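These notes concern the structure reproduced below.
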Protein chains: 2
Amino acid sequence: MKIDHDNPADLSAQIAEAIRDSIISGAMIVDERLPSESDLAEQFDVSRSTIREALKRLAAQSLIRTQRGAFGGAFVNRLSYDDAREQLITTSTLLLSMNEVSFDTACEARFALERACASMAVERRLDAHLDIMEREIARQSDADLSDEAFCASDVTFHRALVDAACNPVLSYQLSGSIEAMQPLMNMITFTARSRAQIIEIHSELTEALRARDTQAAKNTLNRLESYTKQLAHAVMSAKSKKRH
Amino acid sequence: MKIDHDNPADLSAQIAEAIRDSIISGAMIVDERLPSESDLAEQFDVSRSTIREALKRLAAQSLIRTQRGAFGGAFVNRLSYDDAREQLITTSTLLLSMNEVSFDTACEARFALERACASMAVERRLDAHLDIMEREIARQSDADLSDEAFCASDVTFHRALVDAACNPVLSYQLSGSIEAMQPLMNMITFTARSRAQIIEIHSELTEALRARDTQAAKNTLNRLESYTKQLAHAVMSAKSKKRH
DNA sequence: GACTTTTAAATGTCTGACAAATGAAAATTG
DNA sequence: CAATTTTCATTTGTCAGACATTTAAAAGTC
């Protein structure tokens, strides 16, 4: 394990990459302990601060976890679905907010993926999934609910739909995509009228899943996609009118 | 900007989170310069090393970039599609390798997503996409191609299919999913016979896209999914036989 | 044997220093 | 005056050494 001191790139970045490669390649396995910071400093022939910066980079990606005390140290971390989802959400949210992605593009991607889940969910959904969806529909029907809480409930509803496909990899990918869109959805102020419409579509979707009717589920999702886009367009044109 | 020195969590983690929140919330915009490390140290009332560890955490997530020299410093980074994809691939690859996800589960998720792209790709594909797909089919037909190169070409082929949907958000999500599966695909040693079969399916898929035939495209993807699973099962049972 | 104390090892934090890069400003030169 | 070179202040990158804190094993005690 040697590092190029003449490389213009940061030493800590090079070291982080070297360790990351060992982990990804499988040379280091889950829960294996890395050498202590002092040992690593000696091995790579750099100072302890540099090693620490490298380790912090890896920790930020949930590749390692650290523990203080004797017999503590840095350990290769098992990346959980929740950690992975968390990172996916951060990345996707930033990507959407920083790259002038149009609402329609994001919306289209989201519903394309969600429709892919729908046909699997129709076959595999359990009663537990339907229960969650109905619970959220009930919550959404509360007129006192704030817009933020309405959106949060919407996320929970759709996450249940995705989970109903009973494929954890799909759940991980999709829930990231759905949650990343929440900031965009929050721009839309939901009127009483639009809430009623969305709740109706949610109910229809739940019933399609209950009846295991693939086509109905897809049609309903199409309707929701159009309606969501329509709402967004209304908000945008109202905003641009205000500006004039 | 104050930090709780009594919090058991690392100071650098707390500080990184505080800065990350400013970026995600939009309080700091793209290309905006953060205060210098010394200034941040003073603001948060910690040492410069602690600040540096926090900044390295953010750099590892491509949230900031740093530049040396006068008028250098740390700047909020615009997260590009490529950076985002890179992170998604790392995360997904680790998730699959560390969590005993079955080949079938990963495969199922991948093709579910890819089918979602197919119907959009049928409508929007350009000739350029078909050209790439045909080029890769030609490459795959070369008998001298190594298994690794065959897999790499396979990834390029499917990425072209995904890109044909002409939705960058979808491309970002899907190419991550597809590339993350490559280590699993590499386990399969492709015989001449299975290569011929896959190439045939690829050709069929390209033709379906050319003819803008949605149903044919979906059916072909289903066939590829079954065949991929079948190959993987053959490899696994061969391996377990060897062990006995 | 059960409990307490000690101790060694490791990470977390701080301080102070110097190297290297870099762009602006000042000085120099034609 | 214009172009070039030099100087210089600022900022990140790296290092060395110190001390605080945490932790679990080991030793000691009853």
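Because the structure is a prediction, the values reported are computed rather than measured. To find a chain, count down the sequence lines: A is the first, B the second, and so on, and within it residues start at 1.
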Has the side chain of A:N77 got a donor or acceptor atom that lies under 3.5 Å from a matching backbone atom of A:S62? yes
Protein-nucleotide distance (B:Q67, atom CD; C:dA24, atom P), rounded to Å: 11 Å
At 4.0 Å (heavy atoms only), tell me whether A:R65 reaches a base, stays on the sugar-phosphate, or touches nothing. nothing
Rounded off to whole Å, could you give me the CD-to-P distance for the B:E37 and C:dA20 pair? 18 Å
Could you verify whether a donor N or O on one side chain and an acceptor N or O on the other, from A:R124 and A:H129, lie under 3.5 Å apart? no
How long is the line joining CZ of B:F71 and P of D:dA9, in whole Å? 13 Å
Which whole-number value in Å describes the distance from A:D45 CG to D:dG13 P? 20 Å
Indicate whether the side chain of B:R85 and that of B:Q173 have a donor and an acceptor atom separated by less than 3.5 Å. no
So if I take residues 46-54 of chain A and measure heavy-atom distances to DNA chain D, which residues fall below 4.0 Å? A:V46, A:S47, A:R48, A:S49, A:T50
Once you round it to whole Å, what is the distance between C1' of D:dT11 and CZ of B:R68? 9 Å
Indicate whether OP1 or OP2 belonging to C:dA10 is found under 4.0 Å from a side-chain N or O atom of A:R33. yes
Using atom NZ of B:K56 as one end and atom P of C:dT13 as the other, report the distance to the nearest whole Å. 17 Å
In whole Å, I'd like the distance from the CG atom of B:L55 to the C1' atom of D:dG13. 12 Å
Under-4.0 Å side-chain N/O to phosphate OP1/OP2 contact, A:T66 with C:dG12: yes
So, using ring pair (Phe, Tyr, Trp, His ring centres under 6.0 Å) as the criterion, who are the partners of B:Y172 when residues are at least two apart? none
Distance-only, no hydrogens or angles: does the B:E32 side chain make a donor-acceptor pair with backbone N or O of B:F75 under 3.5 Å? no
Sort and list the pairs that fulfil side-chain hydrogen bond (donor to acceptor under 3.5 Å, both in side chains) and have at least one residue in residues 93-103 of chain A, not counting sequence neighbours. A:S102-A:T105
A:G69 or A:A9: which one's nearest nucleotide on DNA chain D is closer to the 5' end? A:A9
Round to a whole Å and report the spacing from CD of B:E42 to P of C:dG16. 13 Å
For the student: nearest non-hydrogen atoms of B:K229 and B:F103, plus distance: CA-CE2, 4.4 Å
